[in-house]
Amino acid sequence: MVAVAAHHLLFVRLLLRGLAALVVLAITVCLLAPWLVYEVALARLPTLPDRPQVLATPQQQDEVWRRAGGEGPLVLEPLNPYGFVVALVTRDRVRPGEELAYWVARDHLAAERAGGGMLGWQASNAALMIWLTRHWSREELASAAYAVTGRSGQRP
C-alpha cells in the first residue's frame with residue numbers, strides 16, 4: 001500500500017511539473033508573440049516605404065493632421081507591438097498619428113501588392129504602422145500621408 005501511495009505521489013509530482021512547464025511555455029509564447037509577428041510580417045514585405053523626398057509645407061502637414069482627427073500640434077507617439085495589441089483591446093478609436101501611419105502603410109502595401117491573404121495583410125499593415133512610427137519623423141509621416149490623401153481633402 002505504501003509503495004502504491006509513493007508511486008501515485010511521484011506521478012502527481014511529474015504531472016504538476018509538466019503542467020508548470022506548459023504554463024511557462026504558454027506565458028513565454030504570449031509574451032514573444034507580438035514581437036515575433038511584427039518581425040515576421042516586416043521580413044515578408046518586399047520593400048519598406050521610402051521617406052518622402054520633399055516634405056509637405058507646415059500648413060499641409062497641419063491639414064492632414066486635422067483630417068486624421070488631430071487637434072493642436074502634430075504629435076507622433078512611437079508604437080511597439082505590445083502597445084499596438086493593448087490599443088486594439090482597450091481603445092475605441094485610433095490616435096491621429098496612428099491614422100497617418102495607417103494611411104501610409106495601406107498605400108504602400110497596395111502599391112507593392114504585399115501582405116497575402118486577409119490575416120497576412122492585417123499583420124503586415126500593423127507591422128508597417130509600428131515601423132513607420134518608430135523610424136520616420138512626424139513631418140515625414142504627415143508629408144507622406146498628405147501625398148496619399150491628395151489635395152481633395154478627403155480621408156483615404
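Keep in mind that what you see is a predicted model, and the values were worked out from it rather than measured. We count residues from 1, following the sequence as given.
Rounded to the nearest 0.5 Å, atoms CG (Leu48) and CD (Glu112) are 9.5 Å apart. A distance of 11.0 Å separates CG in Asp62 from CD in Gln60, rounded to the nearest 0.5 Å. Trp136 contributes atom CH2, which lies 11.0 Å from atom CG of Leu76 (distance to the nearest 0.5 angstrom). Interatomic distance, Asn80 CG to Tyr38 OH, rounded to the nearest 0.5 Å: 9.5 Å. The structure places CD of Gln61 at 6.0 Å from CG of Leu55, a figure rounded to the nearest 0.5 Å. With rounding to the nearest 0.5 Å, the separation of CG in Leu79 from CG in Leu132 is 9.5 Å.
Ion pair Glu99/Arg95 not flagged as a salt bridge, since none of the NZ, NE, NH1 or NH2 atoms sits closer than 4.0 Å to an Asp/Glu carboxylate oxygen.
Side-chain contact between Glu98 and Thr133: absent, with no pair of heavy atoms (C-beta onward) separated by less than 4.5 Å. The shortest distance between side-chain heavy atoms of Leu141 and Arg138 does not fall below 4.5 Å. With contacts defined as side-chain heavy-atom distances shorter than 4.5 Å, the pair Val86/Arg91 does not qualify. For the pair Leu128 and Pro49, the minimum side-chain heavy-atom distance is below 4.5 Å. When side chains are defined from C-beta on, Val64 counts as touching Trp103, because their heavy atoms get closer than 4.5 Å. By the 4.5 Å heavy-atom criterion applied to side chains, Val37 and Pro81 are not counted as neighbours.
Using a 4.5 Å cut-off between side-chain heavy atoms of Ile, Leu, Val, Met, Phe, Trp and Tyr, with links allowed through other members, Val104 and Leu42 fall into the same hydrophobic cluster. In the hydrophobic clustering of ILVMFWY residues, with side-chain heavy atoms under 4.5 Å counting as a link, Tyr82 and Met129 come out together. Linking ILVMFWY residues whenever their side-chain heavy atoms come closer than 4.5 Å, directly or via other members, leaves Leu109 and Val94 in distinct clusters. Linking ILVMFWY side-chain heavy atoms closer than 4.5 Å, directly or via other members, places Leu32 and Val40 in two distinct hydrophobic clusters. Hydrophobic clustering of Ile, Leu, Val, Met, Phe, Trp and Tyr side chains at less than 4.5 Å, counting indirect connections, unites Val75 with Leu100.
Ring geometry, His135 versus Trp131: the interplanar angle falls under 30°, so the pair is classed parallel (tilted spans 30 to 60°).
A donor-acceptor contact shorter than 3.5 Å links the side chain of Trp65 to the backbone of Gly72.
Across every non-hydrogen atom of Ser143 and Val54, the tightest pair is CB-O, 4.3 Å. Considering every non-hydrogen atom in both Ala41 and Ala127, the closest pair reads CB-CB, 3.6 Å.
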Legend entry - Full working for salt bridge (Lys or Arg N to Asp or Glu O under 4.0 Å) between Glu77 and Arg134: CA-CA 8 Å; Glu77 296 178 30; Arg134 296 171 69 80; over 6 Å; no

Inset, instruction - Please test Thr149 against Arg67 for side chain to side chain donor-acceptor pair (under 3.5 Å), starting from the C-alpha separation and ending with a verdict. - result: CA-CA 9 Å; Thr149 61; Arg67 209 178 301 154; 2.4 Å; yes

